[in-house]
Amino acid sequence: MKSLIRATIGILLVCGVLMYTAHAMDQTSGKSGKDILTVYNWGEYIDPALLKKFEKQTGIHVIYETFDSNEAMMTKIEQGGTNYDIAVPSEYTIEQMKERHLLKKIDHNKIPNLKNIDPDFLNLDFDKNNQYSIPYFWGTVGIVYNTKLLKGHNFDSWNELWDPALKGKVILVDSAREVMGVGLNSMGKSLNSTDSKELNAATTKLIKMAPNVKAVIGDEVTQLMINGDAEVALTWSGQAADMMYENEDLTYSVPKEGSNLWFDNMVIPKTSKNVEGAEKFINFMLDPKVAAQNADYVGYSTPNKAALKLMDPEVVNDERYYPSKEVRSNLHVYKNLGKEKIGEYNELFLKFKMSIR
């Protein structure tokens, strides 16, 4: 019943966002660029109430659109069909967008709430000095599993996924970087490896896992794990948090060999028609109360140090959501490997998927 109630609430909230966006678009008729802000974000990645709050505070109407992959987002911005004012790409995509001159530099003087961000999440390699991007959410890649259905497992090592006892029980996300990363990390190799020998070795090892793989899917995994229809899955920390909220038999682990530490940041695309409004939006999202409310709604980890003081201590102190510096030191951020090497990752991932029967 709890799952049904939350699912119903989720549907109503999505409908609210759609109705709100349609209303906003209707209200923007005849308005100038400074009165409109077009935001491009991942699905279910903001509390809809905050969009209304921003509108009320600033008088700026928000048009909110969503994407389901970094690649789709970047292609649309590059084509220039819509003048997005805010986008929320991942770290390696920010590198690519910088290289293609798709971003505007951000004036930190217009973002006083930047002081609320934990310094550990600033000045990272993908955007030194945060010239083009401001932290939004962060998280890890790991394993969510059902402790009731899988007794005797703790998944502190990636290699447990190869256990013959898990035949037909493992669900993987349909993403080359994440799955190839499992193969590489399980061998003690970097998930940013560009060595073809290492990549082929990782693929060979992944193929040995094929009998254990139940499915390679997307967001459907959430409901499968919640319902107890699946035992173990490769997933992202925030997605795991949603699952664990609904099913107390589930828990989440980041294996000791290391994994991915990812960051999604707010950027201002080069085609923005309302840079001033975009800066106001970024600063608004960095307000501690706003960031805390957004983190509570979305379920991912906030880099906003001031917001943590306003959140449930049980969540903030849970290393499944907020791993310690020691744990994070063994995690690695995806790098932009270039078109050719990413193509190789995709080809090898396809080879692995074709081995699953």
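For the single chain, residues carry numbers from 1 onward in sequence order. No experiment lies behind these values; they were computed from the predicted model shown.
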Is the shortest side-chain heavy-atom distance between [X] and [Y] below 4.5 Å?
X	Y	result
Ile143	Tyr252	no
Asn274	Phe281	no
Ile86	Thr38	no
Val232	Asn146	no
Val267	Pro89	yes
Val216	Val173	no
Val221	Ile171	yes
Ile134	Met285	no

As an exercise, state the distance from [atom1] of [X] to [atom2] of [Y], rounded to the nearest 0.5 Å.
X	Y	atom1	atom2	value
Ile111	Asn116	CD1	CG	12.0 Å
Asp127	Leu124	CG	CG	8.5 Å
Asp68	Asp219	CG	CG	9.0 Å
Ile60	Leu51	CD1	CG	12.5 Å
Asn185	Ser190	CG	OG	7.5 Å
Ile268	Ile106	CD1	CD1	5.0 Å

Exercise for review: Applying side-chain contact (heavy atoms from CB on, under 4.5 Å), run through Tyr345 and Leu337 and close with a yes or a no.
Suggested key: CA-CA 10 Å; Tyr345 268 71; Leu337 303 179; 3.5 Å; yes
Check your understanding: If you draw a 6.0 Å radius around NZ in Lys353, do more than 12 non-hydrogen atoms from other residues or ligands fall strictly inside?
Key -> yes
Review point. Would one find more than 12 heavy atoms of other residues, nucleotides or ligands at under 6.0 Å from atom NZ of Lys56?
Key: no
Okay, side chain of [X], backbone of [Y]: is any donor-acceptor separation there less than 3.5 Å?
X	Y	value
Glu344	Ile342	no
Trp42	Val88	yes
Asn129	Gln131	no
Asn294	Val290	no
Asn247	Met243	no
Ser133	Asn130	no
Ser90	Thr93	no

Salt bridge check, [Y] against [X]: does any charged N sit closer than 4.0 Å to a carboxylate O?
X	Y	result
Asp85	Lys273	no
Lys76	Glu65	yes
Asp120	Arg328	yes
Lys335	Glu95	no
Lys351	Glu347	no

Ignoring hydrogens and geometry beyond distance, is a side-chain donor-acceptor pair present between [X] and [Y] at under 3.5 Å?
X	Y	value
Lys104	Ser272	no
Thr66	Asn41	no
Asn346	Lys341	no
Glu257	Ser186	no
Ser237	Arg320	no
Glu178	Tyr334	yes
Thr147	Asp249	no
Asn154	Tyr145	no

Does the separation of the ring centres of [X] and [Y] fall below 6.0 angstrom?
X	Y	value
Tyr92	Phe126	no
Phe121	Trp138	yes
Phe137	Tyr45	yes

Check your understanding: When you measure from the centre of the six-membered ring of Trp162, is the NZ or CZ of Lys205 under 6.0 Å away and within 45° of the axis?
Key -> yes
Check your understanding: Which residue pairs pass the salt bridge (charged side-chain N to carboxylate O under 4.0 Å, His left out) test when at least one of the two sits in residues 151-170, sequence neighbours left out?
Key -> none
Exercise for review: Report the residue from Asn260, Val141, Val254 that forms a side chain to side chain contact (heavy atoms under 4.5 Å, CB included) with Leu331.
Suggested key: Val254
Review point. Checking side chain to side chain contact (heavy atoms under 4.5 Å, CB included) against Leu114, which of Asn109, Asn283, Leu122 comes through?
Key: Leu122
Practice item. Before giving the answer on side-chain contact (heavy atoms from CB on, under 4.5 Å), spell out for Lys214 and Val170 the whole-Å C-alpha distance, their side-chain angles and the decisive distance to 0.1 Å. Key: CA-CA 5 Å; Lys214 182 173 185 175; Val170 177; 5.9 Å; no
Point to revise | Tyr322, Tyr321, Phe263, Trp262 screened by ring-ring contact (aromatic ring centres under 6.0 Å, His included) with Tyr300, the one that passes | key: Trp262
Exercise for review: Could you go through the side-chain contact (heavy atoms from CB on, under 4.5 Å) check for Asp125 and Glu91 one step at a time?
Suggested key: CA-CA 9 Å; Asp125 287 344; Glu91 66 294 310; over 6 Å; no
**Study point:** Intermediate values then yes/no, side-chain contact (heavy atoms from CB on, under 4.5 Å), Lys256 and Trp158
**Key:** CA-CA 8 Å; Lys256 62 187 178 184; Trp158 288 115; over 6 Å; no
